[in-house]
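Lettering of chains follows the sequences in order, A, B, ..., and the numbering in each one begins at 1. This structure is a prediction, so every number in the text was calculated from the model and none was measured.
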Amino acid sequence: MESKYGLIAKFQTKRKPSPVIFNNKNGASEPKRISLSNDQTFDKNKNKIKLSMQEQRQRLPIYEKRNKLLELIRRHSTLIILGETGSGKTTQIPQYINSARLQNNGKIAITQPRRVAAISVAIRVAQEIGDGLGVGETVGYTVRFEDVTSPRTKIKYLTDGMLLREAMVDNLLMEYTVIILDEAHERTIHTDVLFGIVKQAQKTREEKKLRPLKILVMSATMDVDHFSEYFNNCQAVYLEGRTYPVNVYYTLTPHEDYQTACVATFFKIHKQAPSNHDVLIFLTGQEEIEAVAQQIRVLARDPDVGGPAVKVCPLYASQPTTQQMAVFQPAPENTRKVIIGTNVAETSITISGVRYVIDSGMVKARTYHPATGLDMLKVQRISQEQSWQRTGRAGREAEGFCYRIYTRSQYESLQKSTIPEIQRANLSTVAIQLLALGIHAVYFDFMDKPLKDSITAAFEQLKLLGAVDGVESKCLTSLGKKMVQFPLDPRFSKIILSASEYGCVEEILSIVALLSGESIFVNAPSKREQAFTARQKFLSPYGDHLTLLNAFRVYNKLSSNNQRSWCHEHYIHMRNISYAAQVRNQLLEICQRLEIPIVSCGNNTDQVRKCLVTGLFTNVAELHKEKQYITVDKRQVVSIHPSSILHGQQPHFVLFTEVVQTAKFWHSKDFQIYGCSTLKIKQ
DNA sequence: CTAAGTATA
């Protein structure tokens with residue numbers, strides 16, 4: 001098998017990839033999911049007609065159906081609304097309900113899987129509603145760290161995770177008379193749990209003759225029957241979107257080396273398409289994206305290749321924000337922009353100007369193995385749903401083209417839908433949250449049941465942590481009740497709750513906060529050397545946890561106007577470290593509420609490592625032979641990930657935060673452990 | 001031949 005590093009070398013010798021042959025038919029024979037609309041406001045020409053906000057609202061395809069929709073919502077206690085991209089369902093439906101006062105004296109909740117979406121939609125709707133009051137009054141939002149609502153708020157946008165938190169305080173969600181679960185097709189773990197909670201709340205409120213709860217489930221057009229069946233065969237209504245047709249092409253033969261095929265396809269497009277038509281390539285990860293970006297840059301400079309200049313924009317979530325912004329800036333005159341992205345570009349980030357999509361057909365996805373307790377991050381084929389999602393990205397503003405680096409029959413053999421997150425995640429957080437609501441996960445009404453083994457594994461972990469007395473237990477111990485207060489994996493909640501015993505609450509709060517977000521260390525492949533050198537300043541011989549703490553201690557002593565430049569100099573991720581500081585504040589508040597004394601161990605940081613073991617006791621590995629470790633718990637062979645400070649050293653015992661298998665095939669030596677600390681076991 | 005998809009509380 002050829003490695004992706006070999007490819008760079010091959011391309012640097014300016015050899016061009018061989019052409020990829022596509023079929024000539026477009027995707028018109030595919031299920032018709034992409035429909036045409038002639039709306040002028042979407043024209044990309046420069047004399048765009050300026051419309052008032054109210055005119056814009058009236059031009060949305062949903063506007064004509066307003067009365068019909070309201071009638072359906074009034075009549076049904078549960079309704080499924082299928083809406084294509086651009087139908088305006090997220091912004092308009094809550095306003096329609098509000099102006100018809102269907103919520104009576106309660107509130108309308110609309111959940112979103114992502115914070116940015118909840119915030120930006122709320123701001124938009126607050127403007128549209130035109131009462132001049134701005135966000136936080138009639139229309140508000142609630143996300144972690146930010147509650148922009150008032151007692152007068154009628155329409156409240158929130159993240160699905162936030163509504164789940166609220167349900168843990170009041171499982172009947174009495175504050176709301178209408179709950180809209182938006183983007184339900186994404187099937188986030190939080191939305192899946194909310195399905196059951198909201199359904200039960202509606203039933204209980206009816207039985208107890210409390211004020212009724214109306215449920216709207218909004219989704220892209222997929223798997224209606226599945227949703228409807230779960231919600232007692234409720235009715236579904238379809239809303240037309242506003243997108244343009246996309247011509248879909250398949251390769252005639254399978255391409256195992258999808259990276260090279262993507263590059264070749266890009267240059268095929270590059271030669272013929274006008275330079276202001278941007279291209280979006282879907283690939284799987286940072287390393288791969290940077291490699292392909294480099295190949296395209298090199299080839300684009302080759303005079304033999306021809307075509308306009310090329311601006312290459314890599315796009316993945318862990319990029320520094322400034323780099324990510326480059327994606328939104330239009331390319332200069334006579335220059336083609338090509339965005340090479342992960343699945344962030346599928347849902348989270350929308351880029352205008354894209355007319356061509358190249359879909360590798362691959363995605364990196366996480367799966368959880370209850371038997372071993374191990375996570376895998378594996379490159380695998382996308383689902384058919386996902387491939388249409390990617391295709392749709394070419395038709396947001398005008399007719400587009402999508403080149404699929406797989407054959408039609410390969411497409412047909414893809415699984416129809418993506419496996420919902422709840423079926424491929426560690427369930428200990430879900431299990432403890434449901435217990436706080438008095439429900440054992442085994443008896444919970446899931447739309448798609450998680451694996452029995454996953455639930456069992458979760459309960460075994462909760463038992464070891466002392467959150468429950470037994471795996472059948474339907475209530476939490478007093479420790480468990482404290483643990484569930486924290487917005488954390490139960491293992492980390494446990495560590496915080498043990499910290500006062502070890503006299504290191506200050507330090508543990510910092511470390512847990514740092515571990516609960518993304519890495520604060522910048523890890524761009526091109527700057528690896530410099531980043532490594534800069535990191536030496538914070539290095540602790542005891543490993544990554546204390547190294548993180550050292551960096552965080554320095555950061556906290558800086559005045560706020562020095563933080564940015566300090567982060568830049570030390571290859572620290574500004575966004576991630578300031579996020580960790582916010583998380584720490586939140587955790588600190590919870591500790592104060594629980595009356596935990598906030599003590600520090602100063603330089604006696606041995607206490608910190610001892611304390612970490614109280615939650616991560618299953619995450620211990622022993623040196624087995626040269627560079628090879630074996631986990632004490634499940635006897636799995638692992639090795640230290642190169643990002644760890646302890647990589648290259650061989651302490652006898654290590655404590656780690658996480659194990660992940662990253663390679664394409666199942667070789668035991670491919671399991672790597674992240675976030676390592678040395679561990680001396682005293683006799 | 002050393003390198004983590006995306007979210008969230």
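Counting to the nearest Å, the C1' atom of B:dG5 and the CD1 atom of A:Ile382 are 13 Å from each other. Note: CG (A:Asp375) to P (B:dA7) measures 17 Å, nearest angstrom. For A:Ile422 and B:dT8, the CD1 to P distance is 18 Å, given to the nearest whole Å. The CZ-C1' distance, from A:Arg366 to B:dA7, rounds to 11 Å in whole Å. Atom-to-atom, NZ of A:Lys364 to P of B:dA4 comes out at 5 Å; the value is rounded to the nearest Å. Regarding A:Glu518, its CD atom lies at a distance of 9 Å from the P atom of B:dT8, rounded to whole Å. Distance OH (A:Tyr674) to P (B:dT2): 15 Å, rounded to an integer number of Å. Distance A:Asp160 CG to B:dT6 C1': 13 Å, rounded to the nearest Å.
Of the residues A:Thr159, A:Asp182, A:Thr90, the one that meets the side chain to side chain donor-acceptor pair (under 3.5 Å) test with A:Gln112 is A:Asp182. None of A:Arg144, A:His573, A:Arg584 except one satisfies the side chain to side chain donor-acceptor pair (under 3.5 Å) rule with A:Tyr579; the exception is A:Arg144.
When distances are taken from the side chain of A:Asn523 to each of B:dA3, B:dG5, B:dT6, the shortest belongs to B:dA3. Distance from the side chain of A:Glu421 is smallest to B:dA7 among B:dA9, B:dA3, B:dA7. Listed nucleotides B:dA9, B:dA4, B:dA7 differ in distance to A:His641; the shortest reach to its side chain belongs to B:dA4.
A:Val143 comes within 4.0 angstrom of sugar-phosphate atoms only, judged by non-hydrogen atoms across all strands, and of no base. Counting non-hydrogen atoms under 4.0 angstrom, A:Ser643 reaches a base of the nucleic acid. Counting any heavy atom pair closer than 4.0 Å across all strands shown, A:Leu488 reaches a base atom. In this structure, A:Gln286 reaches the sugar-phosphate backbone alone: every heavy-atom distance under 4.0 Å involves primed, P, OP1 or OP2 atoms, never a base. At the heavy-atom level, A:Val660 lies nowhere under 4.0 Å from the strands shown.
Each of A:Met162 and A:Ser348 was matched to the nucleotide of DNA chain B holding its nearest heavy atom; the match closer to the 5' end belongs to A:Ser348. With the nearest nucleotide of DNA chain B identified for both A:Arg144 and A:Ala317, A:Ala317 has the one nearer the 5' end.
Ring geometry for A:Tyr406 against A:Tyr411 counts as parallel: the plane angle stays under 30°, on a 0 to 90° scale with 60° as the upper cut.
Listed pair A:Thr159 / B:dA7 fails the phosphate criterion, with no side-chain N or O lying under 4.0 Å from OP1 or OP2. For A:Thr342 and B:dT6, the shortest distance from a side-chain N or O to OP1 or OP2 is below 4.0 Å.
Within 3.5 Å, no donor on the side chain of A:Ser318 pairs with an acceptor on the base of B:dA4, nor the reverse. Side-chain atoms of A:Arg165 and base atoms of B:dA9 include no donor and acceptor less than 3.5 Å apart.
With respect to A:Glu287 and A:Lys364, no salt bridge is recorded, no charged nitrogen being found less than 4.0 Å from a carboxylate O.
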List, one per line, each side-chain donor-acceptor pair under 3.5 Å for residues 640-648 of chain A, sequence neighbours excluded.
residue, atom, partner, partner atom, Å
A:His641, ND1, A:Ser643, N, 2.9
A:His641, ND1, A:Ser643, OG, 2.8
A:His641, NE2, A:Tyr674, OH, 3.1
A:Ser644, OG, A:Asp544, OD2, 2.7
A:Ser644, OG, A:Leu646, N, 3.0
A:His647, ND1, A:Ile640, O, 3.0

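The salt bridge (Lys or Arg N to Asp or Glu O under 4.0 Å) pairs that include a residue from residues 111-120 of chain A are A:Arg114-A:Glu186, A:Arg115-A:Glu146, where partners are two or more places apart or lie in different chains.
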